[in-house]
Amino acid sequence: MSKTTENLKAAFAGESQANRKYLAFAKKAEDEGLGQVAKLFRAAAEAETIHAHAHLRLMKGVGDTAANLKDAEAGEVYEFKSMYPDMIADAQAEGEKAAERYFVFANKAEECHANLYAKAAKMMGDLPEVTYHVCGVCGHIHEGEPSENCPICGSAPKVYYAVA
């Protein structure tokens with residue numbers, strides 16, 4: 001792998017992390033009544049997204065939708081089969097109960113995500129029109145309006161929010 005490719009991967013990861021961190025900072029600023037600071041964090045987060053997308057394109061990391069679904073599914077499968085189980089074991093060994101609990105939530109949500117990507121890849125243009133709702137606690141994705149508690153974390157349907 002060339003040094004430039006390594007740098008693009010590192011830049012993509014760093015810009016992606018900055019985006020998510022700045023969005024979390026914006027939410028905190030908003031919660032503290034600092035709306036203008038929140039706007040600044042959201043603007044910076046958007047700029048980081050522009051950078052991350054450019055790096056990903058330069059790495060030829062975006063294919064056609066079929067390839068993207070396959071890539072996304074593979075990433076989710078890796079997370080729930082390899083990444084999170086190791087993290088769960090480490091948290092258990094270190095007695096980090098809160099981290100262990102959330103790693104378990106994320107692990108189960110990633111399996112759900114992989115299944116949704118597999119379904120979309122199989123059905124592609126025939127995928128039924130639904131609104132996806134995301135559990136605000138664990139990240140579970142529900143097809144349609146949830147009427148029961150989250151199957152992963154047990155949260156009430158009211159914590160789900162629709163994603164366009």
Side-chain angles (χ1 to χ4, degrees), residues 8-32 38 41-42 44-46 48-53 55-56 59 61-63 65-124 127-128 130-164:
L8 285 167
K9 284 184 174 188
F12 173 71
E15 300 287 0
S16 298
Q17 289 177 2
N19 165 272
R20 305 322 295 172
K21 181 168 64 171
Y22 295 165
L23 290 176
F25 289 176
K27 183 174 179 347
K28 182 64 172 174
E30 200 70 50
D31 292 347
E32 293 175 354
F41 279 130
R42 284 193 296 274
E46 186 63 25
E48 303 299 359
T49 296
I50 291 167
H51 301 158
H53 286 182
H55 300 322
L56 187 61
M59 290 187 294
V62 179
T65 299
N68 293 340
L69 284 167
K70 183 177 179 181
D71 182 61
E73 180 185 356
E76 300 295 318
V77 167
Y78 163 76
E79 289 176 356
F80 84 80
K81 285 192 174 182
S82 300
M83 185 182 87
Y84 278 119
D86 290 345
M87 291 177 175
I88 292 165
D90 290 343
Q92 287 172 335
E94 295 174 354
E96 296 287 346
K97 296 287 187 202
E100 176 189 349
R101 181 173 180 254
Y102 202 81
F103 287 154
V104 168
F105 286 170
N107 190 57
K108 291 176 181 177
E110 301 302 4
E111 185 172 6
C112 168
H113 303 165
N115 292 335
L116 288 169
Y117 284 135
K119 176 181 175 181
K122 190 178 288 183
M123 299 182 75
M124 196 72 101
L127 198 61
V130 299
T131 299
Y132 295 101
H133 289 78
V134 178
C135 176
V137 174
C138 71
H140 172 258
I141 299 173
H142 183 79
E143 296 175 276
E145 187 75 35
S147 60
E148 297 180 3
N149 288 358
C150 177
I152 293 174
C153 68
S155 293
K158 68 181 180 181
V159 306
Y160 280 83
Y161 57 93
V163 178

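The salt bridge (Lys or Arg N to Asp or Glu O under 4.0 Å) search around Asp86 returns none, not counting sequence neighbours. In terms of the side-chain contact (heavy atoms from CB on, under 4.5 Å) criterion, residue partners of Ala11 (sequence neighbours excluded) are, by chain and number, His55. By the salt bridge (Lys or Arg N to Asp or Glu O under 4.0 Å) test, Lys9 pairs with no residue at all, sequence neighbours left out. Among residues two or more places apart in sequence or in another chain, the side chain to side chain donor-acceptor pair (under 3.5 Å) test is passed with Lys119 by Glu143. Residues meeting the side chain to side chain donor-acceptor pair (under 3.5 Å) test with Glu30, sequence neighbours left out: Arg42. For His53, the side chain to side chain donor-acceptor pair (under 3.5 Å) test picks out no residue, with sequence neighbours left out. Looking at residues two or more places apart in sequence or on another chain, you find a side chain to side chain donor-acceptor pair (under 3.5 Å) between Thr49 and Asn19. Residues that satisfy the ring pair (Phe, Tyr, Trp, His ring centres under 6.0 Å) test with Phe41, not counting sequence neighbours, are Phe25.
Pairs engaging residues 107-117 under the salt bridge (charged side-chain N to carboxylate O under 4.0 Å, His left out) rule: none recorded [sequence neighbours left out]. Judged as a side-chain hydrogen bond (donor to acceptor under 3.5 Å, both in side chains), the pairs with a partner in residues 66-82 (not counting sequence neighbours) are, in order, Glu76-His113.
The distance from atom NZ of Lys122 to atom CG of Leu127, rounded to the nearest 0.5 Å, is 12.0 Å. The CD1 atom of Ile50 lies 5.5 Å from the CD atom of Glu46; values are rounded to the nearest 0.5 Å.
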Please tabulate, for the side chains in residues 148-163, all donor-acceptor contacts under 3.5 angstrom to protein atoms that are two or more places apart in sequence or on a different chain.
residue: Asn149; atom: ND2; partner: Gly154; partner atom: O; Å: 3.4
residue: Tyr160; atom: OH; partner: His140; partner atom: ND1; Å: 2.8

Give every donor-acceptor pair under 3.5 Å between a side-chain atom in residues 87-102 and any protein atom, sequence neighbours left out.
residue: Gln92; atom: NE2; partner: Glu100; partner atom: OE2; Å: 3.0
residue: Tyr102; atom: OH; partner: Val137; partner atom: O; Å: 2.8

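Scanning both residues, Val77 and Ala114, for their nearest heavy atoms gives CG2-CB, 3.9 Å.
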